[in-house]
Amino acid sequence: MHHYVEKMMLVPEYLPQFQCIGPDCEDHCCKGWYVSVDKKSYLALKESSNPVVAPLVAHGISRNRGPQAGERQYAKAKQDEETGCCIMFSTDKLCHIQKELGEGYLPHTCSIYPRYTRQLFGIYQQSLTFSCPEAARKGLMLTEPMQFVEAKIRVREELIEKTVTKHAEDAALANDIRFFCINLLQHRTIPLWQRIAVLGYFCEQADQLRQQNQHANIPQLIESLIDSLGTEEWPQLFAAIQANISDKVNAALSLLLLQQLRSSAEYYRKVLGLVLTSLGVEEDKFDIAKSTARYQAALELGARDFLIQHEFILENLLVNDAFTNGFPFASGKSWFDGWLWLFAFYEMVVCSWVGLFASFGQKMDTDTAVTATQSLVKSFQHAPDAYKKMIVDVFKQKGFSTLANNLPLLKPE
Ligand code: SF4
């Protein structure tokens with residue numbers, strides 16, 4: 001029913017090894033979300049007389065009538081009240097549409113997940129979201145910096161999102177900027193928090209150049225930053241910063257609590273419940289002195305070493321996000337706002353790991369860190385753009401609107 005094409009694409013090295021594990025999946029993508037059904041799939045499903053699918057469609061898929069109902073969100077599939085899974089999810093943990101009618105009848109959402117396919121400034125690319133547990137295991141566990149390779153990809157052509165440059169940056173420059181940001185996040189001669197800081201500096205400076213219509217000077221900024229990475233300039237700056245653990249814990253817990261209130265994912269709530277309890281949050285309230293003391297005690301207990309040993313997971317998370325979303329271009333007008341979101345998400349993951357360490361002690365292991373990260377991605381990265389903007393606005397309102405103000409939070413201790 002839907003038309004497929006094959007294209008050579010740039011993909012992260014983990015992608016060709018990924019395969020959906022279907023019935024064995026511990027956090028199935030059919031659970032916890034309303035599945036959007038595009039118009040073409042909806043009309044084809046309505047036409048079907050398949051004895052299994054037709055009755056489910058009749059009472060389980062309904063038209064969206066709200067202002068956001070377009071071609072892609074034309075209808076939605078209900079969740080089963082008992083299981084919280086999509087109405088099409090069978091007891092043998094397979095999809096009735098796929099089983100009875102074939103892959104071509106799957107709504108776009110189900111056909112593409114967990115893949116993101118884009119054409120960014122002339123480059124076709126595909127990557128996976130780490131909200132899928134199997135994708136998270138494949139991508140987050142790479143111990144060497146993530147590489148990008150070419151692969152032949154089969155995809156519904158209409159699902160390839162296209163992005164072109166709006167401003168004076170041409171496609172080649174846009175791609176230079178994107179891959180500079182990715183390479184910077186993978187620059188392992190300095191700790192990850194310092195790479196994030198340098199990335200924030202780049203975004204702040206580049207925004208100023210863009211505001212002054214000096215886009216042509218961005219390559220010089222990149223060159224000077226690359227040169228400065230090998231000097232004493234950054235280590236001296238970072239050594240002079242006074243870490244503010246109390247603000248760090250306060251910001252991360254506040255953001256985690258914000259999402260807890262709106263997340264429907266039971267799996268995420270379990271992970272987060274452990275994090276919040278172990279960091280002294282009771283009934284969605286916390287005493288910052290007590291939570292900071294617990295955070296620091298967990299660092300002493302071994303969370304500090306755990307974070308250092310598992311820094312590659314955090315790096316892979318940020319690199320995958322930057323590649324998938326075309327950082328820094330995806331964040332609209334302000335590249336620094338895009339950085340603020342990346343930074344806020346990083347802080348939430350770090351805080352979650354430390355909270356879990358406070359709960360599990362030395363039993364905290366790599367699998368637990370990957371699981372916590374996956375559940376955070378599922379809860380946060382699929383949130384609407386308006387929600388991400390709200391988080392960035394909360395950060396700014398609390399006074400963290402410049403890199404200088406954020407550095408004491410970013411510094412681990
Ligand atoms: S979350 Fe990933 S592994 Fe699990 S069922 Fe969905 S695509 Fe498959």
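In each ligand, atom 1 is the first atom listed, and ligand 1 is the first ligand listed.
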S.K.: Give the atom numbers and elements of ligand 1 that come within less than 4.0 Å of a heavy atom of P133.
M.R.: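 The atoms of ligand 1 under 4.0 Å from a heavy atom of P133 are 1 (S).
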S.K.: Less than 4.0 angstrom from a charged side-chain N to a carboxylate O is my criterion; do E6 and R154 meet it?
M.R.: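 The answer is no: the pair does not qualify as a salt bridge.
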S.K.: Distance under 6.0 Å and angle within 45° of the ring axis: does R63 meet both against Y74?
M.R.: yes
S.K.: Specify the protein heavy atom at minimum distance from atom 4 (Fe) of ligand 1: its residue, its atom name, and the distance to 0.1 Å.
M.R.: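 Protein heavy atom at minimum distance: C25 SG, 2.4 Å.
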S.K.: Does S224 form a side-chain hydrogen bond (donor to acceptor under 3.5 Å, both in side chains) with D227? I'd like the steps, not just the answer.
M.R.: CA-CA 5 Å; S224 72; D227 290 345; over 6 Å; no
S.K.: From the options W234, Y346, F238, select the one residue that forms a ring-ring contact (aromatic ring centres under 6.0 Å, His included) with W193.
M.R.: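 Answer after filtering W234, Y346, F238: F238.
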S.K.: Does C29 put an N, O or S atom under 2.8 Å from atom 6 (Fe) of ligand 1?
M.R.: yes
S.K.: Got the closest protein heavy atom to atom 2 (Fe) of ligand 1, with its distance?
M.R.: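 Heavy-atom neighbour on the protein nearest atom 2 (Fe) of ligand 1: C132 SG, 2.3 Å.
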S.K.: Can you pull out the closest protein heavy atom to atom 8 (Fe) of ligand 1? Residue, atom name and distance to 0.1 Å, please.
M.R.: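 Ranked first by proximity to atom 8 (Fe) of ligand 1 is C20 SG, 2.4 Å.
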S.K.: Measure up the F395 and F343 rings against each other and bin them: parallel (under 30°), tilted (30 to 60°), perpendicular (over 60°).
M.R.: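 Perpendicular.
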S.K.: Which atoms of ligand 1 have any heavy atom of H28 under 4.0 Å away?
M.R.: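 So the answer, numbered in order with elements, is 5 (S).
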